[in-house]
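In what follows, a structure is listed as structure tokens, so that the remarks can point back to it.
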There are 2 protein chains.
Amino acid sequence: MISGLIRRVVVVGGTHGNELTGVYLIKKLEQFPELLHRSSFEATTLLANPEAVVLNRRYVDRDLNRCFADEDLANPALMSYEDRRAKAIAAQLKPENQPNVDVIIDLHSTTANMGLTILPSSKQPFNLRLAAHLSALDPAVRVCCGVQCNQDTPMLRSLAPFGCTLEVGAIAQGILEAHYFQQTERLIHAILDYLEAMNQGIPLPVSSHITLYQAIASVDYPRNAAGELQAMIHPQLQFKDYEPLHPGEPMFLTFTGETLPYQGESTVFPVFINEAAYYEKAIAMVLTEKQNITLTNK
Amino acid sequence: MISGLIRRVVVVGGTHGNELTGVYLIKKLEQFPELLHRSSFEATTLLANPEAVVLNRRYVDRDLNRCFADEDLANPALMSYEDRRAKAIAAQLKPENQPNVDVIIDLHSTTANMGLTILPSSKQPFNLRLAAHLSALDPAVRVCCGVQCNQDTPMLRSLAPFGCTLEVGAIAQGILEAHYFQQTERLIHAILDYLEAMNQGIPLPVSSHITLYQAIASVDYPRNAAGELQAMIHPQLQFKDYEPLHPGEPMFLTFTGETLPYQGESTVFPVFINEAAYYEKAIAMVLTEKQNITLTNK
């Protein structure tokens with residue numbers, strides 16, 4: 001267990017301005033702040049990238065969720081809109097000589113078919129136990145750790161030691177889907193209730209094991225020398241996030257109809273398959289290993 | 001039948017820069033122009049909004065597919081990027097004192113679950129017969145006419161007397177889906193083959209009836225006085241394009257969980273349900289009537 005109690009929790013939406021589930025959940029929580037109220041800690045909201053929300057774009061100048069590396073936050077030469085937002089958010093959530101935020105819940109959506117995914121801020125036992133609790137409450141919840149699953153990532157969630165990103169989908173950018181809106185809202189409340197019970201010394205049950213999808217590599221689309229796409233996600237792989245992909249199975253389909261197989265040597269479980277925002281990041285999908293983790297009480 | 005033969009056909013993609021199915025089909029057809037070749041007419045490609053394609057956005061300054069009203073094309077004061085593109089495209093497809101383009105096939109995608117939809121350029125018998133042929137070839141093809149279904153619309157397709165828009169989906173903006181890529185490609189070739197056979201005096205069979213979904217109204221999202229959304233598409237209606245919506249059935253779900261029913265007096269068949277690009281156009285869905293049309297040979 002952590003040494004101190006949870007005192008400050010921030011629910012963040014609109015880190016990407018065209019992921020409307022989080023944007024509108026923040027608007028709702030701002031309108032009805034009593035929904036966040038728990039007796040043992042302060043929970044507030046943050047609309048992280050309001051200018052991108054107005055423009056209905058992921059970002060204005062650069063991806064805000066890659067702006068939180070310590071060296072970037074300390075670099076006065078970085079003055080894009082998102083760099084300035086990152087510095088302002090860091091000052092707000094992690095002020096010097098004042099209590100920092102303990103838990104960040106960052107609300108995202110994806111065009112990949114990732115259902116309800118928890119991406120813990122790090123593999124600290126606290127975060128894994130929270131994820132285990134959520135996936136026990138709803139077996140549809142999956143837990144995924146990125147290649148960088150630690151406090152040193154440039155993501156917004158790295159500003160607090162505890163918490164997670166919620167990724168829900170498949171949802172197109174720029175739209176609301178009521179089903180995922182409601183499911184994300186339920187997850188927020190499940191997290192707040194879990195923290196409240198822990199603070200009150202009557203922690204909610206957590207299973208001793210968790211299935212974790214650990215990212216091991218990303219795969220780019222086949223491209224020509226000029227960097228132009230030469231293939232699409234294979235129709236047999238589209239929407240098959242978290243399903244096993246065996247060596248030799250179809251991965252891409254070229255524009256001329258040729259199937260390109262997965263050429264790895266071990267079975268993997270792809271996620272973020274065909275995420276719209278990752279075309280520019282040279283990521284067609286992220287390959288994960290399925291791990292069974294035994295949780296400790298620490 | 002039309003009086004003259006079809007001489008010029010243009011396949012258009014990227015009218016909206018983030019609808020990648022059309023963008024990449026145009027790239028493929030540019031790379032393999034022999035795929036377009038038919039003996040009796042010239043078929044070419046047009047990437048309509050290249051700057052929006054580069055930006056991966058629907059448009060730069062304004063929706064190109066609303067820039068083709070005659071008075072706008074003639075108005076020298078309209079000088080946004082898309083207004084200039086519209087004038088250049090009109091000069092190319094509809095040159096003065098030269099043969100104009102006869103058929104435009106404009107490739108689009110939608111976040112609504114519209115499957116394979118043909119939107120004829122007008123209700124001229126030529127266009128309806130082409131649509132009937134396509135829907136007979138593949139019963140999954142549906143035929144839909146907008147509220148403005150005539151040559152006077154401000155859409156790009158209005159530059160030619162014949163042709164259609166293809167709308168495929170549900171596809172998120174900014175991604176390719178191989179399944180819809182291939183199906184759209186098949187539709188393009190089916191249209192070219194139909195035109196070729198007609199030009200050669202051996203027209204392909206056309207059924208004498210067609211089911212047409214005729215738009216009668218659009219419905220905006222519930223909004224507050226400031227114009228902010230107050231509700232989402234109801235989960236029971238999401239992805240139910242072309243299915244009957246009866247009076248009293250759920251239409252929207254407010255952020256606080258209240259169901260708002262469809263308050264019309266007759267059964268309708270909504271389309272473009274939750275299209276991302278229509279949030280800014282104040283369109284949550286377009287209501288259609290299902291009509292059975294008898295086709296003439298004229």
Side-chain angles (χ1 to χ4, degrees), chain A residues 18 20-21 23-29 31-32 35 55-58 109-113 169-183 185 221 224 228-239 250-257 259 273-280 284, chain B residues 18 20-21 23-29 31-32 35 55-58 109-113 169-183 185 221 224 228-239 250-257 259 273-280 284:
Chain A
N18 56 7
L20 300 194
T21 311
V23 171
Y24 280 87
L25 277 166
I26 296 302
K27 286 178 193 266
K28 176 175 178 177
L29 293 170
Q31 192 181 352
F32 304 103
L35 294 173
L55 294 173
N56 192 24
R57 290 186 205 148
R58 185 171 176 91
S109 64
T110 169
T111 63
N113 187 26
I171 306 181
Q173 295 173 343
I175 72 168
L176 284 162
E177 272 196 44
H179 173 71
Y180 281 120
F181 182 93
Q182 292 183 315
Q183 289 201 309
E185 189 175 23
Y221 295 93
N224 66 14
E228 290 180 318
L229 296 189
Q230 301 296 294
M232 309 167 273
I233 299 294
H234 196 281
Q236 288 183 36
L237 186 58
Q238 177 68 33
F239 295 130
M251 186 174 241
F252 295 107
L253 184 73
T254 70
F255 295 124
T256 51
T259 293
I273 299 171
N274 213 353
E275 160 54 36
Y278 286 1
Y279 279 63
E280 68 177 23
Chain B
N18 55 8
L20 300 194
T21 311
V23 171
Y24 279 88
L25 277 166
I26 296 303
K27 286 178 193 265
K28 176 175 179 178
L29 293 169
Q31 192 181 353
F32 304 103
L35 294 173
L55 295 172
N56 193 23
R57 289 185 205 148
R58 185 173 176 90
S109 64
T110 170
T111 64
N113 187 26
I171 305 181
Q173 295 172 344
I175 73 166
L176 283 162
E177 272 196 44
H179 173 71
Y180 281 121
F181 182 92
Q182 294 183 312
Q183 290 201 309
E185 189 175 23
Y221 295 92
N224 67 12
E228 291 180 319
L229 296 188
Q230 300 298 295
M232 309 167 274
I233 299 293
H234 196 281
Q236 288 182 36
L237 186 57
Q238 177 68 31
F239 294 130
M251 187 174 240
F252 296 106
L253 183 73
T254 71
F255 295 123
T256 50
T259 293
I273 299 170
N274 212 353
E275 159 55 36
Y278 287 0
Y279 278 63
E280 68 176 23

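Since we're looking at a predicted model, the values are computed, not measured. Every chain is numbered from 1 and lettered A, B, ... according to where its sequence line falls, protein lines coming before strand lines. Below, each value reflects all heavy atoms present in this structure, side chains not excepted, and no hydrogens, waters or symmetry copies.
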For a quick test of reading the model, state the closest non-hydrogen atom pair linking [X] to [Y] and the distance between them.
{"X": "B:Tyr279", "Y": "A:Leu20", "answer": "CE2-CD1, 4.5 Å"}
{"X": "A:Ile233", "Y": "B:Ala178", "answer": "O-CB, 3.5 Å"}
{"X": "A:Gln173", "Y": "B:Ala276", "answer": "O-CB, 3.7 Å"}

Relative to chain A, which of B:Thr256, B:Leu253, B:Leu229 shows the most heavy atom pairs under 4.5 Å?
B:Leu229

d(A:Thr21 OG1, B:Met232 CE) to nearest 0.5 Å is 9.0 Å

Looking at OH of A:Tyr221 and CG of B:Leu176, how far apart are the two atoms once the value is rounded to the nearest 0.5 Å?
7.5 Å

With a 4.5 angstrom heavy-atom cut-off, could you sort out which part of [X] is near chain B: side chain, backbone, both or neither?
{"X": "A:Tyr180", "value": "neither"}
{"X": "A:Phe239", "value": "side chain"}
{"X": "A:Gln31", "value": "neither"}

Counting heavy-atom pairs under 4.5 Å to chain B, which of A:Glu280, A:His234, A:Arg57, A:Gln238 comes out on top?
A:Arg57

Any idea which of A:Phe32, A:Tyr278, A:Phe181 has the most non-hydrogen atom pairs under 4.5 angstrom with chain B?
A:Phe181

Take the angle between the ring planes of B:Phe255 and A:Tyr24 and call it parallel below 30°, perpendicular above 60°, tilted in between.
parallel

Ignoring hydrogens and angles, tell me if any N or O in the side chain of B:Asn274 forms a donor-acceptor pair with the backbone of A:Glu177 under 3.5 Å.
no

Could you tell me which residues satisfy salt bridge (Lys or Arg N to Asp or Glu O under 4.0 Å) with A:Glu228, sequence neighbours excluded, listed by chain and number?
B:Lys27

